[in-house]
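To keep things clear, I will list the structure first and then write my remarks on it.
Keep in mind that what you see is a predicted model, and the values were worked out from it rather than measured. Naming: A, B, ... by sequence-line order, numbering from 1 per chain.
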Amino acid sequence: MKLATWNVNSLKVRLPQVIEWLKMNQPDILCLQETKLTDENFPEQEIAAIGYHSVFVGQKTYNGVAIISKQKGADVLVALPDFLDEQKRVVAATYGDMRIINVYVPNGETVESEKYSYKLKWLPALNRWVKSELKNYSKMALLGDFNIAPEDRDVYDPEIWLGKVLCTLPERDAFNNLLNVGLIDSFRLFEQPDKSYTWWDYRMMAFRLNRGLRIDHILLSDALASTCVKCSIDKAVRKQERPSDHAPLVVELSNY
DNA sequence: ATGGTAGAGGATCTA
């Protein structure tokens with residue numbers, strides 16, 4: 001069983017790459033963020049044509065999330081249950097006995113920004129919901145673009161990023177609070193290459209210089225973490241023509 | 001020189 005997450009930065013632009021990636025990698029689950037599509041424009045037929053189901057929620061221009069899966073999803077949810085939010089950032093569904101939660105956490109812009117305080121309110125709401133979901137599902141995965149680099153080793157230059165959005169202490173505390181409710185950062189279950197990142201700014205030749213951050217994550221409940229045999233970043237995707245600024249992150253689970 | 005690039009949409013906003 002293979003689960004993956006990928007911020008595609010416009011599914012309209014990236015659809016050929018997504019189709020190609022699905023054919024090549026055959027994941028059971030692919031979580032997408034920043035689809036930037038309203039639901040009527042979601043390319044459900046193109047994805048169905050290669051044997052995949054979709055659940056999605058989106059809006060014009062910004063945000064938007066989707067779960068692409070081999071199996072049809074059940075108990076679909078498209079928003080945080082106790083947080084009023086016009087922005088489409090959450091989709092969850094159940095596949096067999098596995099609960100999949102896909103999130104596009106607010107970016108926050110700068111610490112002075114109202115978007116930052118929105119982010120710091122959004123994260124506890126996610127935490128409350130994840131906590132309640134864990135009571136119902138022992139096999140749970142929380143995947144997505146968290147817009148948080150958990151530790152300094154997840155940042156190409158921690159000095160430059162000290163106190164900046166994606167790296168501030170309140171954001172890192174919020175991330176650790178997700179681990180504290182019973183989730184495990186699958187990436188750190190294994191030895192990984194130094195300077196492993198999932199996002200590189202389009203500007204300043206950041207990718208070529210490997211100036212990146214690890215802000216996309218796959219968090220697993222104990223029952224899933226104990227079956228996890230691999231977690232890796234598909235960096236080759238970021239080298240393609242007209243890429244997303246994020247690379248896919250993939251986990252493999254055994255016993256399925 | 002507060003820069004640079006990408007996406008959406010059609011002037012800026014977001015990242």
Side-chain angles (χ1 to χ4, degrees), chain A residues 5-21 31-43 46-47 56-66 79 85-91 102-123 126 143-150 154-168 170-172 174-175 197-217 233-249:
Chain A
T5 180
W6 186 9
N7 179 323
V8 288
N9 185 21
S10 169
L11 184 55
K12 187 181 175 184
V13 172
R14 234 63 69 188
L15 184 62
Q17 289 182 37
V18 169
I19 297 285
E20 184 61 25
W21 196 87
C31 295
L32 303 177
Q33 304 86 34
E34 284 203 88
T35 56
K36 298 184 177 179
L37 291 171
T38 53
D39 292 347
E40 64 268 26
N41 290 322
F42 192 89
E46 289 91 330
I47 289 164
F56 47 85
V57 61
Q59 64 188 89
K60 210 158 110 179
T61 314
Y62 305 117
N63 310 313
V65 285
D85 193 358
E86 289 178 6
Q87 303 186 19
K88 307 304 184 190
R89 299 180 172 278
V90 175
V91 61
N102 177 19
V103 294
Y104 176 47
V105 176
N107 172 284
E109 193 183 30
T110 61
V111 290
E112 300 84 10
S113 168
E114 280 181 19
K115 297 193 190 75
Y116 181 71
S117 48
Y118 162 66
K119 181 179 194 174
L120 292 183
K121 287 193 196 88
W122 199 93
L123 284 161
L126 173 65
L143 311 86
D145 177 357
F146 288 68
N147 272 314
I148 301 171
D154 301 314
V155 182
Y156 72 92
D157 190 337
E159 303 283 315
I160 287 174
W161 282 83
L162 182 71
K164 294 221 165 66
V165 152
L166 312 185
C167 299
T168 68
E171 292 168 273
R172 287 178 170 177
F175 183 83
Y197 310 123
T198 63
W199 168 81
W200 301 261
D201 200 301
Y202 282 123
R203 297 165 289 189
M204 307 295 279
M205 299 190 296
F207 183 68
R208 268 172 52 182
L209 300 167
N210 197 30
R211 292 182 180 163
L213 275 73
R214 191 176 71 92
I215 57 175
D216 300 88
H217 307 292
I233 300 161
D234 192 349
K235 200 174 168 180
V237 170
R238 185 64 173 78
K239 299 173 187 170
Q240 291 178 307
E241 284 289 317
R242 213 179 176 190
S244 166
D245 46 352
H246 295 250
L249 175 70

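Within a 6.0 Å radius of CD in A:E40, other residues, nucleotides and ligands contribute more than 12 heavy atoms. Around the CZ atom of A:R211, the shell of radius 6.0 Å holds no more than 12 heavy atoms that belong to other residues, nucleotides or ligands.
For the residue pair A:W199 / A:N7, no side-chain donor-acceptor distance below 3.5 Å is found, with atom types taken as modelled.
To the nearest whole angstrom, the two C1' atoms, one in B:dA1 and one in B:dG10, are 29 Å apart. Between B:dA15 and B:dG9, the distance separating the two P atoms is 15 Å to the nearest Å. With both ends at atom C1', the span from B:dT14 to B:dG4 equals 15 Å, rounded to whole Å. Comparing the P positions of B:dG3 and B:dT12 gives a spacing of 15 Å, expressed to the nearest Å.
With hydrogens and angles ignored, the 3.5 Å screen pairs a side-chain donor or acceptor of A:Q17 with a backbone N or O of A:E241. With hydrogens and angles disregarded, a donor-acceptor distance shorter than 3.5 Å links the side chain of A:Q59 to the backbone of A:K88. Panel note: side chain A:D201, backbone A:A206; no donor-acceptor pair is recorded below 3.5 Å. Of the possible polar contacts, one joining the A:R14 side chain to the A:P243 backbone as a donor-acceptor pair under 3.5 Å is found.
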Given protein heavy atoms under 4.0 Å, the one-letter contact record of nucleotides 1-11 of chain B, with B base, S sugar-phosphate only and - none, is simply ---BBSSSS--
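Rounded to whole Å, the distance from CG on A:N147 to P on B:dT14 is 14 Å. If you take CG of A:D216 and C1' of B:dA15, they are 13 Å apart, rounded to a whole angstrom. When the C1' atom of B:dC13 is taken as reference, atom OH of A:Y118 falls 15 Å away, rounded to whole Å. Rounded to whole Å, atom P of B:dA15 lies 7 Å from atom CG of A:N63. Here the P atom of nucleotide B:dC13 and the CG atom of A:N107 are 16 Å apart, to the nearest Å. A:H246 has its NE2 atom 11 Å from the P atom of B:dA15, to the nearest Å. We find that CD1 of A:I215 is positioned 11 Å from P of B:dA15, with the value rounded to whole Å. Following rounding to the nearest Å, A:Q59 (CD) and B:dC13 (C1') show an atom-to-atom distance of 13 Å.
Here A:F207 lies out of heavy-atom contact (under 4.0 Å) with every strand.
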